[in-house]
**Student:** 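Quick one: the structure is below, and I'll ask about it shortly.
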Amino acid sequence: MLYYLPTHEYARIEGNVATIGISEFAARQLGNVVYVDMPEADDDVTKGEDFGAIESVKAASDLYSPVSGSVIEINEALIDNPRLINEDPMNNWIIKVEMSDPSEVKALLSPEDYEKLCASEKH
Amino acid sequence: MNEELKTTCLHDLHVGLGALMSPFGGFDMPIQYAGIEEEHKAVRGKCGVFDVSHMGEVAVSGPDAERFVNHIFTNNVSGLPDGKVVYGMMLHPDGGVVDDLLVYKRSDNDFFLVINASNIDKDVDWIKSHAAGYNVTVDHQSDRWAELAVQGPDSEKVMRDVLGIDGADLGFYTFKTVGDMIVSRTGYTGEDGFEIYAGAEAIRDMWSKLIAAGVQPCGLGCRDTLRFEAGLPLYGDELADDITPLEAGLGIFVKLDKPEFIGREALARQKAEGPARKIAGLEIEGQAIARHGYEVLDTEGNPVGAVTTGYHSISLDRNIAMALIDARSAAIGTPLQVRVRRKVFPATVIKKRFYTPNYKK
């Protein structure tokens, strides 16, 4: 199942694991990504709080976690090639989190609701 | 800060080109069109055009014009030939910078001052408040002038072929009057280039011709990455009311041998003692980008200052920054650290002119 935060992070839920990245809409808005500031394995993340940042030439944008839990994996390919995010943000995820409270996903946006939100952000 | 944003005479054309617009210095300005990197590379490699109509203009004229400009300006305008442009600052009595500006000398009794958009009201008040006792007229003309910057190695050819303006006879930091226009060989990118001041109608016409000829429109995003690489300061980052030109490493634009100017005593004292802080260049190890305001630490973790501007340099592919730091930590080669959010990255002091400018001298 795929869910989103209004701040443009997605969480793909498989069992107890959330795979977290940024949406295609966000990747387009950012422009070329030059650095992804990621936590480390075993770090704790909290729903709604920042777990890192994504940097374009212009600015740094905080990354917010859609769920709470413990980081089990980071996408190491992004260390050498952060632009993978621009190429395919849905497959080039940022972190995987073992969720401490899987019921938190109920508060996230469905893909349909997220799409509506993006449409309203376009001027 | 609910004041309405001002717009330049090209605003509708920027929107029509799909520019990302954002407030800067009280104006709704284009930040990027094609993207910062593409625009940056166009200026380094060929030519780009910027709308810089947000800049402010003030004419100072009258029998005491030269003496008055020398009173409020750190550089020396006496003995300059007509048609010369000089860079410098206006200072507070304590040596802090009111603004940095260009002064165009039209004649001994007629100077044209170009000031930063964000400081227009402050500067005009400052200039007028110091004019008492001088036989000068201070005429704020920002509403009358729009401005384009044509920048990059192909600028001279573009000026001639697209706009019919011959710039070949203009040396670096000189200007001429073409009809009602002022054309100078100046810029803020570290490349050869020209700046054109004219009325709204003429600027719209020239902008449209340049875009139609395929010249890359460039936003303030790459204006910042370009000037940063060339080690040029931006007021609000490397210069401020509480930063002196000596701290910013701009001593060559401060003529302490002039008999007097506002701020001279404070700077003479600071020069004798040596400034306690300096703007230094930093190279950051790793991929993190040191942005404005991030803390700079020594190798033991003690704070020594803060980043003023930082980017992943587009031309050099390195992570570099300018930072205002303790002068004792500012020697080239000094190992330091920069805090980027939760992490601390090693950094080294390097020369702050990261990119060697290609000016046509």
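Atoms considered below: every heavy atom in the structure, side chains included; atoms not considered: hydrogens, waters and symmetry mates. Residue numbers start from 1 in every chain, and the chains themselves are labelled A, B, ... in the order their sequence lines are given, proteins ahead of strands.
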**Student:** Can you name the nearest heavy-atom pair linking Arg291(B) to Lys58(A), along with the distance?
**Tutor:**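 Of all heavy-atom pairs spanning Arg291(B) and Lys58(A), the closest is NH1-O, 3.3 Å.
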**Student:** Tell me, for Thr225(B) versus chain A, whether the close heavy atoms (under 4.5 Å) come from the side chain, the backbone, both or neither.
**Tutor:** side chain
**Student:** Sorted by first residue and then second, give each ring-ring contact (aromatic ring centres under 6.0 Å, His included) pair with at least one member in residues 32-72 of chain A; sequence neighbours left out.
**Tutor:** none
**Student:** Provide the closest heavy-atom pair for Asp37(A) versus Lys343(B) in the form atom of the first, atom of the second, distance.
**Tutor:**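 Minimum heavy-atom contact is OD1-NZ, 2.9 Å.
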**Student:** More than 12 foreign heavy atoms under 6.0 Å from CG of Asp101(A): is that the case here?
**Tutor:** yes
**Student:** Could you pull out the closest heavy-atom pair between Ala60(A) and Arg341(B), with the gap in Å?
**Tutor:** CB-NH1, 3.6 Å
**Student:** So what's closer than 4.5 Å to chain B heavy atoms on Asp62(A): side chain, backbone, both or neither?
**Tutor:** side chain
**Student:** Flag the one option from Ala53(A), Pro82(A), Ala59(A) with the top tally of heavy-atom pairs under 4.5 Å to chain B.
**Tutor:**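 Top count of heavy-atom pairs under 4.5 Å with chain B: Ala59(A).
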**Student:** How about Glu115(A): does its CD atom have over 12 heavy atoms from other parts shown lying under 6.0 Å from it?
**Tutor:** no
**Student:** Relative to chain A, which of Cys222(B), Gly221(B), Ala288(B) shows the most heavy atom pairs under 4.5 Å?
**Tutor:**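 Top count of heavy-atom pairs under 4.5 Å with chain A: Ala288(B).
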**Student:** Looking only at heavy atoms, which of residues 35-55 of chain B get nearer than 4.5 Å to chain A?
**Tutor:**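 Listed by number: Ile36(B), Glu37(B).
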**Student:** Does atom CE of Met1(A) have more than 12 heavy-atom neighbours, drawn from other residues, nucleotides or ligands, at distances under 6.0 Å?
**Tutor:**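 Open.
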**Student:** What residue pairs, at least two apart or across chains, pass ring-ring contact (aromatic ring centres under 6.0 Å, His included) with a residue in residues 80-108 of chain A?
**Tutor:**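 Residue pairs with at least one partner in residues 80-108 of chain A: there are none.
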**Student:** Sub-3.5 Å donor-acceptor pair from the side chain of Gln287(B) to the main-chain atoms of Ile79(A), do we have one?
**Tutor:**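 Present.
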**Student:** List in chain and number order the residues that pass side-chain hydrogen bond (donor to acceptor under 3.5 Å, both in side chains) with Thr308(B), two or more places apart in sequence or in another chain; answer none if no residue qualifies.
**Tutor:**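 Scan of Thr308(B) (side-chain hydrogen bond (donor to acceptor under 3.5 Å, both in side chains), adjacent residues dropped) gives Glu238(B).
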**Student:** Assess whether atom NZ of Lys47(A) is packed by more than 12 heavy atoms of other residues, nucleotides or ligands within 6.0 Å.
**Tutor:** yes
